[in-house]
Amino acid sequence: YRNASRIYPGTPPVHAVDELSLDIADGEFLVLVGPSGSGKSTALRMLAGLEDVDAGAVRIGDRDVTELAPKDRDIAMVFQNYALYPHMTVAQNMGFALKLARKPKDEVRRRVEEAAGLLDLVPYLDRLPKALSGGQRQRVAMGRAIVREPSVFLMDEPLSNLDAKLRVETRANIAALQQRLGTTTVYVTHDQVEAMTMGDRVAVLKDGLLQQVDSPRRLYDHPDNAFVAGFIGSPA
Ligand code: ATP
Ligand code: MG
């Protein structure tokens with residue numbers, strides 16, 4: 001992000017993301033964290049191409065993608081409400097984007113099986129979503145992103161529909177998976193504990209303004225301001 005802003009029109013206009021400058025390294029797991037309304041989703045959606053960039057620019061790798069359509073950005077996004085196609089099996093759900101992209105059938109099958117292996121979904125490939133638990137559905141949503149082998153994963157509160165126990169388990173799974181694949185990941189959460197346990201670095205937002213971006217350790221030991229100290233220090 002280079003001085004990237006998103007201002008929603010209105011009276012007064014809302015500076016949802018205000019001159020955000022942030023470099024995310026190749027292969028990094030970066031967490032965007034902040035209270036409700038701080039601009040996390042807006043920032044992520046700007047990177048995905050789902051939201052206008054009103055000033056500044058957004059780049060992925062060497063490319064300025066500010067004006068690029070979402071499908072041309074080499075990203076895959078996992079949402080909070082990961083609606084699966086109810087009439088398609090797990091395998092069909094996972095392979096759907098590849099089928100749309102006209103990938104050969106055997107390649108689709110290979111990538112789906114590989115992703116299913118990583119996500120412990122092999123026994124469920126022929127089931128319909130309604131016959132899965134919440135955690136399994138969430139993994140299918142991850143699988144749909146993984147099969148596309150994007151250069152960046154974007155995740156917006158992907159665990160918020162899961163119960164507390166499953167959330168902790170899935171947290172560890174996502175972190176392990178990202179380490180194995182080495183895919184650059186930008187992960188949005190309002191949960192400090194999630195942010196501090198998962199992120200290589202954590203970017204703290206408040207009212208659309210970046211407060212600090214640092215390793216969890218540094219954020220904890222050396223908060224730049226009282227907001228960061230209070231936010232990181234308080235339980236979720
Ligand atoms: P949450 O944790 O609740 O998901 P967030 O950090 O993701 O919050 P955003 O959804 O990015 O926050 O919203 C940032 C600000 O922009 C908020 O003040 C919100 O009300 C405003 N906003 C978001 N979307 C729109 C929109 N489509 N039109 C006008 N204002 C919007
Ligand atoms: Mg949000």
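Proximity of a side-chain donor or acceptor of D207 to a complementary backbone N or O of S38 within less than 3.5 Å is not detected. Checked by atom type and distance alone, the side chain of T170 never pairs as donor or acceptor with a backbone atom of V168 at under 3.5 Å. A donor-acceptor pair under 3.5 Å links the side-chain atoms of N93 to the main chain of Y85, judged by distance alone. With hydrogens and angles ignored, the 3.5 Å screen pairs a side-chain donor or acceptor of Q178 with a backbone N or O of G27. Of the possible polar contacts, one joining the S21 side chain to the N3 backbone as a donor-acceptor pair under 3.5 Å is found. Side chain of T89 to backbone of L128: no donor-acceptor contact under 3.5 angstrom is found. A side-chain donor-acceptor contact under 3.5 Å links K40 to the backbone of G34.
If you check the side chains of N225 and Q211, you find a donor sitting under 3.5 Å from an acceptor. Side-chain contact of E51 with Y8: a donor-acceptor pair under 3.5 Å is present, judged by distance alone. Between the side chains of S5 and D54, no donor-acceptor pair is found at a separation under 3.5 Å. Judged by distance alone, the side chains of D191 and T189 never bring a donor and an acceptor atom under 3.5 Å apart.
The neighbour count for D221 CG, taken as heavy atoms of other residues, nucleotides or ligands under 6.0 Å away, is above 12. The number of heavy-atom neighbours closer than 6.0 Å to OH of Y220, taken from other residues, nucleotides and ligands shown, is 12 or below.
Two residues are said to be in side-chain contact when any heavy atoms from C-beta on lie closer than 4.5 Å; L118 and M142 fail this criterion. Counting heavy atoms from C-beta outward, T183 and S151 have side chains that stay 4.5 Å or more apart. D126 has its side chain out of reach of V90: every pair of non-hydrogen atoms, C-beta onward, lies at least 4.5 Å apart. In this structure, E28 and T185 have side chains that are not in contact, with every pair of non-hydrogen atoms separated by 4.5 Å or more. Here the side chains of V65 and R59 are not in contact, with every heavy-atom distance at 4.5 Å or above. Annotation: side chain of L181 is in contact with side chain of L177 (closest heavy-atom distance under 4.5 Å). Side-chain contact between D200 and L30 is absent, with no heavy atoms from C-beta onward closer than 4.5 Å. Put simply, the side chain of H222 does not reach to within 4.5 Å of the side chain of R217, judged on heavy atoms.
L47 and V31 end up in different hydrophobic clusters when Ile, Leu, Val, Met, Phe, Trp and Tyr side chains are linked at under 4.5 Å. In the hydrophobic clustering of ILVMFWY residues, with side-chain heavy atoms under 4.5 Å counting as a link, L32 and I75 come out together. A continuous path of ILVMFWY side-chain contacts below 4.5 Å connects M46 to V213, so both sit in one hydrophobic cluster. Under a hydrophobic clustering in which Ile, Leu, Val, Met, Phe, Trp and Tyr are joined whenever their side-chain heavy atoms come within less than 4.5 Å, directly or via other members, V204 and L20 fall into different clusters. V53 and I7 are not part of a single hydrophobic cluster, where members link through side-chain heavy atoms under 4.5 Å apart.
Atoms CG and NZ, from L84 and K130 in turn, are 13.5 Å apart once rounded to the nearest 0.5 Å. To the nearest 0.5 angstrom, D214 atom CG is 5.5 Å from L219 atom CG. Here the CG-CD distance, from L119 to Q138, works out to 9.0 Å after rounding to the nearest 0.5 Å. Considering CZ of R171 and CD of E194, their distance stands at 5.0 Å, rounded to 0.5 Å. The line from OG1 of T197 to CD of Q192 is 11.0 Å long, rounded to the nearest 0.5 Å.
We find that R109 and E113 are not joined by a salt bridge, their nearest charged nitrogen and carboxylate oxygen being 4.0 Å or further apart. Salt bridge annotation for D163-R167: absent, with no cationic side-chain nitrogen under 4.0 angstrom from a carboxylate oxygen. With respect to the salt-bridge test (charged N to carboxylate O, under 4.0 angstrom), the residues R2 and D23 qualify.
Across all their heavy atoms, M94 and R144 have their closest contact at CA-CG, 3.8 Å. Taking each heavy atom of A203 and L210 in turn, the nearest pair found is CB-CD1, 3.8 Å. Between I60 and V152, the shortest heavy-atom distance links the atoms CG2-CG2, 3.9 Å. Scanning all heavy atoms of the two residues, the minimum distance from A25 to R201 falls at N-NH2, 4.4 Å. For the residue pair L68 and R63, the shortest heavy atom distance occurs at CD2-NH1, 3.6 Å. The two residues P158 and I174 have their closest heavy-atom pair at CG-CD1, 4.5 Å.
In this structure, R137 forms no cation-pi arrangement with Y124, as its terminal cationic atom is not both closer than 6.0 Å to the ring centre and no more than 45° off the ring axis.
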- Under the side chain to side chain contact (heavy atoms under 4.5 Å, CB included) rule, what do V186 and M155 come out as? Steps first, then yes or no, please. CA-CA 6 Å; V186 187; M155 304 190 200; over 6 Å; no
- Task: Decide side chain to side chain contact (heavy atoms under 4.5 Å, CB included) for R127 and L132; before the verdict, give the C-alpha distance in whole Å, the side-chain angles of both, and the deciding distance to 0.1 Å.
- Result: CA-CA 8 Å; R127 285 205 201 172; L132 299 177; 4.3 Å; yes
- Task: May I have the step-by-step check of side chain to side chain contact (heavy atoms under 4.5 Å, CB included) for E107 and L98, ending in yes or no?
- Result: CA-CA 9 Å; E107 185 182 345; L98 299 180; over 6 Å; no
- With side chain to side chain contact (heavy atoms under 4.5 Å, CB included) as the test, would you mind laying out the steps for R45 and M77 before giving the verdict? CA-CA 9 Å; R45 292 167 56 81; M77 189 150 169; 4.3 Å; yes
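Note: Y187 and F29 have tilted aromatic rings, judged against thresholds of 30 and 60 degrees for the angle between ring planes.
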